[in-house]
2 protein chains.
Amino acid sequence: MPDLSIDVVAKAAGVHRSTVSRAFSRPEAVKRETREHILRVAEGLGYTMSPLAQALRTKTSTFIPLIVPDITNPFFAELAKTMTQAADERGYQLLLCVTNGDPAKTDGYFTAMQAMYAPFGIVAPSTKVDTEAMKRFDFGHKVVVIDRVEGDDAVPTVTVDSRRGIMIALEHLHSLGHTSIGYVSGIAGTHTAQDRMDAYLELSAESGSAPVVLDSGSDLDAGTRGAEHYLEMDNPPTAIIAANDMVAFAVISALGQRGVRVPEDVSVIGFDGLALGARFNPPLTTVRQPIADMGHIAIELAEKQNIDGSVDHIVLEPQLLVRGSTSGPRK
Amino acid sequence: MPDLSIDVVAKAAGVHRSTVSRAFSRPEAVKRETREHILRVAEGLGYTMSPLAQALRTKTSTFIPLIVPDITNPFFAELAKTMTQAADERGYQLLLCVTNGDPAKTDGYFTAMQAMYAPFGIVAPSTKVDTEAMKRFDFGHKVVVIDRVEGDDAVPTVTVDSRRGIMIALEHLHSLGHTSIGYVSGIAGTHTAQDRMDAYLELSAESGSAPVVLDSGSDLDAGTRGAEHYLEMDNPPTAIIAANDMVAFAVISALGQRGVRVPEDVSVIGFDGLALGARFNPPLTTVRQPIADMGHIAIELAEKQNIDGSVDHIVLEPQLLVRGSTSGPRK
DNA sequence: AGTGTTATTGCAACCGATCTCAGCAACCGA
DNA sequence: TCGGTTGCTGAGATCGGTTGCAATAACACT
């Protein structure tokens with residue numbers, strides 16, 4: 001395959017470069033026969049335009065970066081999946097950027113994005129810090145964030161209603177007959193995590209029962225710690241709300257290792273609605289976030305902003321997803 | 001931030017473009033003072049070179065595509081994670097490409113890669129088909145595959161020794177006292193899946209016990225089907241080897257829903273060594289693949305090939321990772 | 001026939017780098 | 001002092017496209 005530039009196609013079709021260019025990117029500007037002829041020739045040669053050259057010249061590309069802290073976390077993986085799809089439905093090419101929670105890397109990715117003329121970017125932040133970094137770039141105003149953002153209405157966001165989600169979980173548990181419901185938080189840092197926790201505290205108090213936050217630290221072993229705390233209690237709650245599905249998995253696993261059964265001994269409900277939850281043991285009851293919608297909406301918001309400058313803040317409704325990890329309280 | 005091209009830096013530093021260029025990409029070719037001066041000026045302006053322009057001119061970029069069928073599968077997620085790291089340790093930028101098993105998409109990605117002057121690519125194939133697609137590109141000879149490849153020694157590969165892995169699993173189970181050991185296969189299509197199955201069949205026969213392949217179909221519900229098959233048997237095996245961790249999860253989950261306990265009633269061992277397995281209920285005993293090594297090695301192989309044209313086939317050793325899903329046979 | 005539009009296409013500069021080649025100054029030995 | 005290196009820098013073409021502008025063709029109308 002010798003280098004296939006626009007010029008060779010032009011020559012082969014007997015027209016000028018610019019005509020070939022137009023045939024591809026501004027079809028209405030070239031006579032139909034000519035265009036069809038060019039396209040046919042190009043096809044025959046197996047020619048495609050160089051996105052690099054295009055980006056360089058037009059100062060805008062179809063690369064759209066998705067910045068996530070950890071692709072290993074199934075939530076982000078599912079997000080990435082739906083976003084890749086949403087992206088190339090619209091002719092974009094998603095670039096996955098994994099920061100591992102390193103703000104320096106976030107910064108690096110931002111400058112890289114700018115250099116690549118990305119029309120916009122999507123950020124699923126690990127910590128509030130990331131959104132700070134964001135603001136240091138004028139690029140910052142072409143980013144949509146999958147989290148709540150504080151004190152900056154200029155950036156579009158899409159989130160799920162945390163309070164509503166916790167409420168749903170609580171209601172589900174109440175309806176099952178639980179009155180003592182604990183909470184295990186996830187990794188702190190995001191507004192979302194904060195919101196869920198706050199919601200739990202508030203709603204719990206409102207319903208008259210004292211909130212029981214199981215010690216969970218702020219690291220990956222939140223689940224384990226929470227489980228230990230549970231075991232040490234004289235009067236442990238009969239149900240546990242986990243800040244997210246991963247934490248729920250960890251809690252159930254840790255509990256299981258100590259001989260505590262779910263849902264027989266305690267009910268556990270997660271928050272996320274990961275597909276993985278269906279294959280957990282037991283299948284995880286959880287508050288489902290419409291992840292696929294989030295992905296699509298994020299891209300729509302970005303495009304919308306790019307066109308008319310509008311900045312929306314979409315809040316989606318979570319849903320209860322009952323599987324096997326909750327049941328009536330023991331005894 | 002007005003456009004920051006090499007020319008503005010040149011002007012600001014009072015030198016010619018080409019000197020700035022050299023200051024960055026061929027430091028030894030420019031006088032030290034000059035270089036330092038330029039670098040300082042550039043720094044002050046917050047200038048970085050445009051990877052696009054560079055790629056266009058040099059016909060080689062630092063984008064390296066990682067093509068996976070499904071990022072939602074934790075195995076690929078972990079691979080992606082270690083590869084991003086390995087990549088940017090070496091100054092590359094990993095582009096995650098998700099095919100969802102669609103060969104057409106694989107094709108599309110390949111041409112995109114070529115267009116972006118990727119120096120090489122990494123493919124973790126979902127099916128044998130993908131590697132076919134690969135060969136249609138001259139790019140094909142700058143790809144390393146994370147799987148075995150048949151009939152084409154020209155492409156570097158890195159895999160883990162399937163046979164050895166199954167052997168390890170079998171030995172572990174035997175040493176625990178199991179004699180009747182079943183197998184649940186994963187999604188068919190990759191050589192790896194095939195190899196594991198073959199190894200099971202062979203080794204099982206060699207050890208004198210009749211192989212018991214639990215019906216698992218070829219789709220996502222392999223685990224469920226396997227579990228059902230297990231339940232229907234008059235004399236079910238006392239232990240099960242799952243083709244990979246995800247299948248193991250599904251099997252345990254399905255079994256659990258039917259009241260069968262792991263490892264009390266049946267032992268289950270997986271294959272992969274996913275981090276997630278540690279948080280499963282029970283924590284999954286498994287044959288661990290050195291995923292991180294695979295990522296690094298894949299990149300090394302690619303670089304090596306690019307330099308001296310050598311094509312290696314690395315086969316890594318798997319390890320036993322004992323957690324909680326295996327124990328002695330019941331009764 | 002003369003002139004004004006409109007539809008197409010060609011020309012050439014430009015995007016932000018790289019790289020070959022040539023120019024020039026300093027340095028070396030004879 | 002002069003030819004020969006060597007070291008460093010500038011010129012300018014080039015990578016693969018895009019796009020404003022000019023040129024030409026085609027068609028309509030008076």
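Chain letters run A, B, ... following the sequence lines, proteins first and then strands; every chain starts at 1.
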Review point. Which atom names give the shortest non-hydrogen contact between B:Ile146 and B:Ala298, and what distance separates them?
Key: CD1-CB, 4.1 Å

Check your understanding: Shortest non-hydrogen contact from A:Pro119 to A:Asn306?
Key ->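 Closest approach of A:Pro119 to A:Asn306: O-ND2, 3.2 Å.
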
Check your understanding: What does A:Val15 touch in the nucleic acid at a heavy-atom separation under 4.0 angstrom: a base, only the sugar-phosphate, or nothing?
Key -> sugar-phosphate

Practice item. Report which part of the nucleic acid B:Ala29 touches: base, sugar-phosphate, or nothing (heavy-atom distance under 4.0 Å, all strands). Key: base

Check your understanding: Quick one: CG on A:Asn73 to CG on A:Asp272, what's the gap to the nearest 0.5 Å?
Key -> 7.5 Å

Write down the distance between [atom1] ([X]) and [atom2] ([N]), rounded to a whole number of angstrom.
X        : N      : atom1 : atom2 : value
A:Glu33  : D:dA25 : CD    : C1'   : 14 Å
B:Lys31  : D:dC8  : NZ    : P     : 8 Å
B:Met116 : D:dG17 : CE    : C1'   : 16 Å
A:Ile38  : D:dG17 : CD1   : P     : 13 Å
B:Arg22  : C:dC19 : CZ    : P     : 10 Å
B:Glu28  : C:dC19 : CD    : C1'   : 14 Å

Point to revise | Pair A:Lys304 + A:Glu300: basic N to acidic O under 4.0 Å | key: no

Exercise for review: Give a yes/no answer on whether the side chain of A:Thr19 brings an N or O atom under 4.0 Å of OP1 or OP2 in C:dG10.
Suggested key: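 Yes, A:Thr19 has a side-chain N/O under 4.0 Å of OP1/OP2 on C:dG10.
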
Exercise for review: Examine C:dT18: is either OP1 or OP2 under 4.0 Å from a nitrogen or oxygen in the side chain of B:Ser25? Give yes or no.
Suggested key: yes

Every protein N/O lying under 3.5 Å from an N/O of nucleotides 12-16 of chain C:
unit_1: C:dA13; atom_1: N6; unit_2: A:Arg17; atom_2: NH2; d: 3.1
unit_1: C:dC14; atom_1: O2; unit_2: A:Arg57; atom_2: NH1; d: 2.6
unit_1: C:dC15; atom_1: O3'; unit_2: A:Lys59; atom_2: NZ; d: 3.3
unit_1: C:dG16; atom_1: OP1; unit_2: A:Lys59; atom_2: NZ; d: 2.5
unit_1: C:dG16; atom_1: OP1; unit_2: B:Asp3; atom_2: OD2; d: 3.1

Practice item. State, yes or no, whether a side-chain contact exists between A:Asp312 and A:Pro156 at a heavy-atom distance under 4.5 Å. Key: no

Point to revise | Note, B:Arg57 side chain near B:Tyr117 side chain (heavy atom, < 4.5 Å) | key: no

Check your understanding: On a plain distance test, is the side chain of B:Arg32 in donor-acceptor contact with the base of D:dG7 below 3.5 Å?
Key ->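 Side chain to base: no pair present.
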
Practice item. Step through the shown structure and confirm whether more than 12 heavy atoms of other residues, nucleotides or ligands are within 6.0 Å of CD on B:Glu33. Key: no

**Study point:** CZ (A:Arg90) with more than 12 external heavy atoms under 6.0 Å
**Key:**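 It does: A:Arg90 CZ has more than 12 such atoms within range.
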
Practice item. Using both pair distances under 3.5 Å as the test, note the stems of at least 3 consecutive Watson-Crick or G-U pairs that include DNA chain C. Key: C:1-30 with D:1-30

Review point. Going by the side-chain hydrogen bond (donor to acceptor under 3.5 Å, both in side chains) test, which pairs reach into residues 40-54 of chain B, not counting sequence neighbours?
Key: none

